[in-house]
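Whatever order the structure lists ligands and atoms in, that order sets their numbers, starting from 1. Side-chain atoms are counted along with the backbone in the values below, which use heavy atoms only and exclude waters and symmetry mates.
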Amino acid sequence: MKLGDPRKKSGWVMLQVLLLHLLVQSVHSQNSRNKLNITNPGQSIPGLAVQLRRVSNEKVVVDNGIIQVTFSSPQGLITGIKYNGIDNVLDDEIDDRGYWDVVWYEPEKALEIDKLEGTKFEIITQNEEQVEISFTRTWTISKRGSLVPLNVDKRYIIRTGVSGIYMYGILERLEGWPDVDMDQIRIVFKLNPKKFDFMAISDDRQRSMPSMADRDNAKILAYKEAVLLTNPKNPMFKGEVDDKYMYSMEDKDNNVHGWISSDPPVGFWMITPSDEFRLGGPIKQDLTSHAGPITLSMFTSTHYAGKEMRMDYRNGEPWKKVFGPVLAYLNSVSPKDSTLRLWKDAKRQMAEEVRSWPYDFVNSEDYPLSHQRGTIEGQLYIKDRYVSRLNIYGKFAFVGLAPCGEAGSWQTESKGYQFWTKADRKGRFIIENVRAGNYSLYSWGYGFIGDYKYEQNITITPGSQMNVGPLVYEPPRNGPTLWEIGVPDRTAGEFYIPDPYPTLMNKLYVNPLQDRFRQYGLWDRYADLYPQNDLVYTVGVSDYKRDWFFAHVTRNVGNNTYDSTTWQIIFNLENVNRVGLYTLRIALASAADSELQVRVNNPKSDHIFTTGLIGKDNAIARHGIHGLYRLYSINVAGDLLSVGDNTIYLTQSRSVGPFQGVMYDYIRLESPFTT
Ligand SMILES: *[C@@H]1O[C@H](CO)[C@@H](O)[C@H](O)[C@H]1NC(C)=O
Ligand SMILES: *[C@@H]1O[C@H](CO)[C@@H](O)[C@H](O)[C@H]1NC(C)=O
Ligand SMILES: *[C@@H]1O[C@H](CO)[C@@H](O)[C@H](O)[C@H]1NC(C)=O
Ligand SMILES: *[C@@H]1O[C@H](CO)[C@@H](O)[C@H](O)[C@H]1NC(C)=O
């Protein structure tokens with residue numbers, strides 16, 4: 001399969017793509033008419049309406065004439081999906097191939113994995129239009145220690161005319177149940193490795209993939225997930241690095257990803273129509289699909305965040321949440337067609353699912369329908385008198401509702417629902433389809449620091465339409481900017497990202513505009529570029545795109561030894577207000593087992609500030625360009641500064657291994673307040 005570079009698309013190709021979209025849409029609307037036809041009582045076309053069969057006590061089969069899905073009963077594992085001439089698109093040779101799991105433990109105890117196997121099968125809905133089935137399990141105290149303390153209801157919906165499986169889960173713990181921590185909740189599909197060998201997770205991130213056997217024959221690099229393919233079956237992959245974390249994505253962009261089989265040409269896609277049930281807001285990153293071939297729906301995880309993100313329950317706290325529905329979608333084209341059409345069609349289907357959200361066919365009182373949800377709108381302004389005399393629009397700011405908390409708390413919030421949107425260029429926003437409940441309204445965005453929170457709690461009730469009117473966010477500011485490094489955007493993406501080692505590459509990321517940071521081993525390039533002396537940045541001379549390494553890492557000095565590193569920012573002051581207070585703003589985009597200390601003009605002096613030990617987001621090792629956001633505002637007494645050259649020393653003092661360090665988002669020095 002040959003992939004065009006989407007960035008080089010000419011206007012003509014764009015037009016063709018548009019025409020194709022229209023064509024696909026018109027085919028689809030014909031399908032919808034047929035669907036209505038089918039559901040019309042008495043007119044159903046035999047064999048096309050969805051049918052459910054209890055094959056045995058251990059097996060339930062649902063068939064809509066397009067796909068045939070086999071479930072183990074009452075466990076509720078998906079054991080088979082028959083589609084378009086493939087007997088099983090899942091991997092028949094292993095037991096676990098379509099399942100939910102939860103990583104959990106009682107505090108201080110060993111980590112457990114629970115596959116949430118049901119003990120009871122039930123039919124929720126069965127008509128010509130759809131079948132909804134349920135596999136449940138009820139927790140009791142006698143199960144303590146062996147099963148995650150949750151009541152489980154796994155639901156699957158198969159609809160007439162829809163080539164896929166809708167999946168959702170209702171997880172609940174009752175008041176008084178034992179303490180528990182949960183690190184991860186997800187759905188996993190392990191696909192047929194003889195068929196699926198091409199992976200697509202976005203327009204730019206698509207490639208032929210090595211197999212699990214290739215990984216088993218490979219050399220493990222600095223951690224077990226990253227391997228150097230030394231002996232792959234397909235020699236094309238030889239010398240490449242494979243690591244599932246290279247295929248991570250921010251949740252806001254993680255709507256469709258999956259795999260393609262070329263013979264027969266079939267696609268298998270995970271479609272996530274809403275981000276409301278995931279955790280940590282729009283830029284939480286997580287896994288998508290990866291070598292196996294594996295496709296995931298990650299509902300919660302501590303990836304790119306750390307334990308701050310885990311769900312922990314103490315003192316008998318009750319909880320209930322609906323995860324999903326998500327759609328495992330299958331498609332096919334004729335062997336004469338390009339299999340890339342499968343990706344285009346998966347995107348079309350994703351857009352269709354997003355438009356249909358919230359679904360009107362989900363049969364659970366825990367899943368509110370559209371009329372049971374509410375809407376909130378408003379307009380955000382930014383007030384920063386050192387940028388503009390008038391308030392400016394909160395252009396393209398993220399605005400969201402999340403459980404009540406402090407400003408910024410949404411980024412580690414893991415138990416409730418979150419509803420985010422992006423304001424328009426005038427800061428206007430509308431958030432629709434919010435579940436009834438109490439929330440705080442939060443905002444943050446490109447170009448300004450810190451976190452906004454609306455002072456009132458927001459109560460959404462069924463059908464409510466709230467307008468909060470103009471809101472004004474005043475980002476932290478004490479005086480005019482003397483200098484700044486980077487752009488406030490919560491990532492280190494604008495800084496210098498080195499070339500990877502030629503012997504440790506993923507070819508997908510050799511020439512991208514966006515994704516250079518996803519290569520393996522970039523942390524070690526620091527010692528190559530700065531073998532003796534650390535980075536020195538001179539304000540007015542240096543350019544942060546070239547001269548500011550994307551991560552403040554340790555220096556590998558060989559023999560498994562790492563040195564801590566001190567970066568310098570040199571800046572010139574023509575005059576100094578010796579009695580005033582200057583303010584240094586340091587916004588971090590990531591931190592892993594680090595301590596950042598700040599000194600001014602004397603590297604041997606006591607530090608004027610330390611973050612203390614922070615961070616478990618592991619974004620350096622996992623090729624993320626950010627983890628959690630942290631903003632520090634540090635007073636710098638004027639009498640520490642001099643007319644002429646001054647130096648700020650930034651020391652990341654911890655240096656046990658290669659993955660410790662911070663990423664900066666943005667640094668700014670403000671002079672004392674002036675009128
Ligand atoms: C059912 O579909 C056929 C063919 O598309 C159409 O001719 C017919 O009018 C439809 N019937 C109904 C009741 O919509
Ligand atoms: C929301 O807050 C109000 C007022 O504090 C309270 O009466 C109500 O029970 C809360 N609703 C929910 C769903 O928590
Ligand atoms: C908002 O709700 C939280 C949580 O219920 C509560 O602690 C807080 O006092 C409320 N704040 C206001 C301003 O009502
Ligand atoms: C490497 O470390 C070991 C153990 O600390 C030491 O014995 C050895 O001399 C070191 N080698 C080099 C080249 O520094």
Side-chain angles (χ1 to χ4, degrees), residues 150-151 153 168-177 179-180 182 185 274-282 284 299-300 308-325 357-359 362-381 383 394 397-421 429-444 450-476:
L150 292 174
N151 286 337
D153 186 353
Y168 69 108
I170 306 159
L171 303 184
E172 178 181 30
R173 49 177 272 126
L174 302 183
E175 197 155 0
W177 282 10
D179 291 356
V180 68
M182 291 187 276
I185 302 175
S274 165
D275 205 16
E276 70 180 42
F277 43 78
R278 293 195 288 214
L279 74 177
K284 165 76 167 72
F299 293 117
T300 76
E308 285 107 314
M309 191 68 105
R310 87 176 159 208
M311 314 163 77
D312 45 11
Y313 295 88
R314 298 289 182 274
N315 306 317
E317 179 187 348
W319 173 76
K320 187 181 212 181
K321 187 165 169 180
V322 179
F323 293 95
W357 189 269
Y359 294 138
V362 175
N363 195 352
S364 163
E365 62 188 22
D366 294 310
Y367 181 82
L369 303 174
S370 182
H371 70 275
Q372 295 164 311
R373 296 171 176 237
T375 297
I376 184 167
E377 61 187 301
Q379 188 171 17
L380 180 76
Y381 292 88
K383 177 179 174 184
F398 287 96
V399 186
L401 294 178
C404 299
E406 301 294 310
S409 59
W410 55 268
Q411 77 163 343
T412 51
E413 190 284 318
S414 59
K415 295 175 182 171
Y417 300 92
Q418 298 200 20
F419 300 86
W420 285 89
T421 192
F429 63 88
I430 175 159
I431 309 176
E432 296 176 300
N433 294 313
V434 183
R435 298 172 67 112
N438 293 325
Y439 301 92
S440 294
L441 177 72
Y442 304 98
S443 181
W444 57 280
D451 274 284
Y452 171 77
K453 180 195 160 186
Y454 184 58
E455 57 275 16
Q456 307 290 320
N457 287 341
I458 304 283
T459 299
I460 301 285
T461 54
S464 64
Q465 291 196 321
M466 184 183 272
N467 190 328
V468 285
L471 309 173
V472 180
Y473 173 49
E474 203 172 340

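Remark: minimum distance from atom 10 (C) of ligand 2 to any protein heavy atom is reached at Asn438 ND2, 2.4 Å. For atom 13 (C) of ligand 2, the nearest non-hydrogen atom of the protein is Gly437 CA, 4.0 Å. Closest to atom 4 (C) of ligand 3, if we only count protein heavy atoms, is Cys404 CB, 4.0 Å. Ranking the protein heavy atoms by distance from atom 9 (O) of ligand 3 puts Asn457 ND2, 4.8 Å first.
Between Tyr442 and Ala402 the shortest heavy-atom distance is CE1-CB, 3.5 Å.
Relative ring orientation between Tyr313 and Trp319 is described as tilted, the plane-to-plane angle lying within the 30° to 60° band. Under the 30°/60° scheme for interplanar angles, the aromatic rings of Tyr359 and Trp357 are found to stand perpendicular.
At least one protein heavy atom sits closer than 4.0 Å to atom 2 (O) of ligand 2.
Distance OH/Tyr168 to OG/Ser364: 4.5 Å, rounded to 0.5 Å.
Note: no N/O pair closer than 3.5 Å links Gln456 and ligand 3 by distance alone.
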(Q) side-chain contact (heavy atoms from CB on, under 4.5 Å), that's the test. Do Arg373 and Phe419 meet it? Break it down for me. (A) CA-CA 12 Å; Arg373 296 171 176 237; Phe419 300 86; 4.2 Å; yes
